[in-house]
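Note that the numbering runs from 1 along the sequence shown for the chain.
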Amino acid sequence: MAGTNSERELLTEGPAIILAYPQLGENIGMVARAMANFGLSELRLVNPRDGWPNEKARSAASRADHVIDNAKLYESLEEAIADLNFVYATTARDRDGFKPVRSPIVAARELRTRFRGGEAIGIIFGRERTGLTNEEVSLADEIVTFPVNPAFASLNLAQAVLLMSYEWLKTGMASEDETSFQAIAQRPATKEQLQGLVDHVEEALEARNYFRPANKKPKLMENLRAVLTRPSFTESEIQVLRGIISSLDRFTRENPRGSGAPDRGRKAQSGGDDD
């Protein structure tokens, strides 16, 4: 969805996203984009295989340049998390050990609570192909895992980051039902306006001899009225529909709008159609 707006507030807070030994620059860029989508900005890279900086990462970031430009490079995972107080490790595999395992929702709430308490927090993501080793998971305080298809549990790196980033942003909202914008308020059409639409359609159809045979007109109008009054039209919708009908009434395929004044007598002079 297109929605980048440089005039609106840019959110740049929350946990550090730590990529342990990422492989492709494109994946790092897509991670940066996912982070920017949900207000995260601190990206830490542990010994990326294709080196850093990486132009493929910048291209894939789709203008999340503030994340790419401020990314920090580390030689080891221990170094990357050394200044953090609390860290989650993400994994889709069962692990032997004694670390608590949390869902993304619970993990995000815990991170938000610690963040508000002034702690430095982070989330570790592993390699694209193999994820995190047991030793690397052991460096974290707790594990977060995603509710996925158990027979197809592998997530793309950027997808995993996006899911956690989304849950993080939700914990900072006043309500989980909150949206970034609302539909413009519309006034419901009055019964008079609805009847005006029905009359307009009836007149346009009558002029074209639609009601044939004539004794079927009451039933046809009953059905038409049911169709036109069911959707609870707004005033502006009524105006749109009547504008369409007026255009169809005024212009023909042979003389479309913009081709000059419609010549209503042309068909009559040529004989027209009796059907």
Side-chain angles (χ1 to χ4, degrees), residues 1-11 30 33-34 36-39 62-64 105 147-149 152 156 158-159 162-163 165-167 169-170 172-275:
M1 294 187 293
T4 302
N5 188 340
S6 59
E7 297 179 357
R8 302 187 69 176
E9 178 189 6
L10 180 67
L11 301 177
M30 288 187 284
R33 180 177 183 178
N37 284 152
F38 298 101
S62 190
R63 294 193 291 176
I105 296 173
V148 293
N149 182 349
F152 198 77
N156 172 278
Q159 291 174 331
L162 185 142
L163 287 172
S165 300
Y166 171 65
E167 293 298 344
L169 184 63
K170 283 202 306 182
M173 296 164 58
S175 166
E176 290 189 353
D177 296 331
E178 183 182 335
T179 56
S180 58
F181 63 91
Q182 297 289 334
I184 298 173
Q186 299 278 348
R187 287 202 306 177
T190 65
K191 299 306 179 187
E192 180 181 12
Q193 290 168 328
L194 283 170
Q195 186 57 48
L197 172 63
V198 173
D199 292 343
H200 195 164
V201 174
E202 180 182 3
E203 190 279 327
L205 293 175
E206 188 77 68
R208 290 159 177 80
N209 205 17
Y210 173 79
F211 302 108
R212 299 175 62 191
N215 64 343
K216 289 189 175 182
K217 179 178 177 180
K219 183 60 177 178
L220 290 170
M221 282 304 303
E222 180 184 328
N223 292 340
L224 178 62
R225 187 174 286 104
V227 170
L228 295 177
T229 56
R230 186 191 310 168
S232 300
F233 288 117
T234 64
E235 288 183 350
S236 60
E237 289 168 341
I238 292 287
Q239 292 171 0
V240 168
L241 288 171
R242 295 195 66 170
I244 291 171
I245 296 166
S246 294
S247 181
L248 293 173
D249 201 27
R250 184 176 180 189
F251 302 101
T252 68
R253 295 188 182 206
E254 294 77 17
N255 295 280
R257 186 176 181 183
S259 63
D263 184 355
R264 295 181 179 275
R266 184 173 299 172
K267 275 197 173 183
Q269 293 171 3
S270 64
D273 292 324
D274 289 335
D275 188 57

Subject >> For T234, all residues meeting side-chain contact (heavy atoms from CB on, under 4.5 Å), sequence neighbours excluded >> reply: Q186, S236, E237

Original post:
Looking at side-chain heavy atoms only, is the closest gap between M30 and S62 below 4.5 Å?
Top reply: no

Original post:
Taking all atoms of both residues into account, what is the closest heavy-atom pair of A158 and A34, and its distance?
Top reply: O-CB, 4.1 Å

Original post:
After noting the C-alpha distance and the side-chain angles of T190 and L194, does the key distance pass the side-chain contact (heavy atoms from CB on, under 4.5 Å) rule?
Top reply: CA-CA 6 Å; T190 65; L194 283 170; over 6 Å; no

**OP:** Please examine the side chains of M173 and K170, heavy atoms only from C-beta on, and report whether any two atoms are closer than 4.5 Å.
**Re:** yes

Original post:
To the nearest 0.5 Å, how far apart are CD1 in I245 and CD in E203?
Top reply: 10.0 Å

**OP:** Determine, for E222 against R225, whether the closest basic-nitrogen to carboxylate-oxygen distance falls under 4.0 angstrom.
**Re:** no

**OP:** Would you sort out whether L162 and R33 count as a side-chain contact (heavy atoms from CB on, under 4.5 Å), showing the intermediate values?
**Re:** CA-CA 9 Å; L162 185 142; R33 180 177 183 178; over 6 Å; no

Original post:
Could you walk me through whether L205 and L220 pass the side-chain contact (heavy atoms from CB on, under 4.5 Å) check?
Top reply: CA-CA 11 Å; L205 293 175; L220 290 170; over 6 Å; no

Subject >> For Q193 against P188, the heavy-atom pair lying closest together >> reply: OE1-O, 4.5 Å

**OP:** State which residues pass ring-ring contact (aromatic ring centres under 6.0 Å, His included) with F211; sequence neighbours excluded, sorted by chain then number.
**Re:** none

**OP:** May I ask you to decide whether D249 forms a salt bridge with R208, counting only side-chain N to carboxylate O separations under 4.0 Å?
**Re:** yes

Subject >> Side chain proximity check, N37 to L169, heavy atoms < 4.5 angstrom >> reply: no

Original post:
Is there a donor-acceptor pair closer than 3.5 Å between any side-chain N or O of S247 and the backbone N or O of G243?
Top reply: no

Original post:
Can you list every pair that meets salt bridge (Lys or Arg N to Asp or Glu O under 4.0 Å) and has a residue in residues 186-198, with sequence neighbours left out?
Top reply: R187-E235

Subject >> 4.5 Å side-chain heavy-atom contact, L241 and V201 >> reply: no

Original post:
How about E206 and K217: do any of their side-chain heavy atoms sit closer than 4.5 Å?
Top reply: yes

Original post:
Is a donor on one side and an acceptor on the other found under 3.5 Å between the side chain of Q159 and the backbone of N156?
Top reply: yes

Original post:
To the nearest 0.5 Å, how far apart are CZ in R242 and CG in L197?
Top reply: 6.5 Å

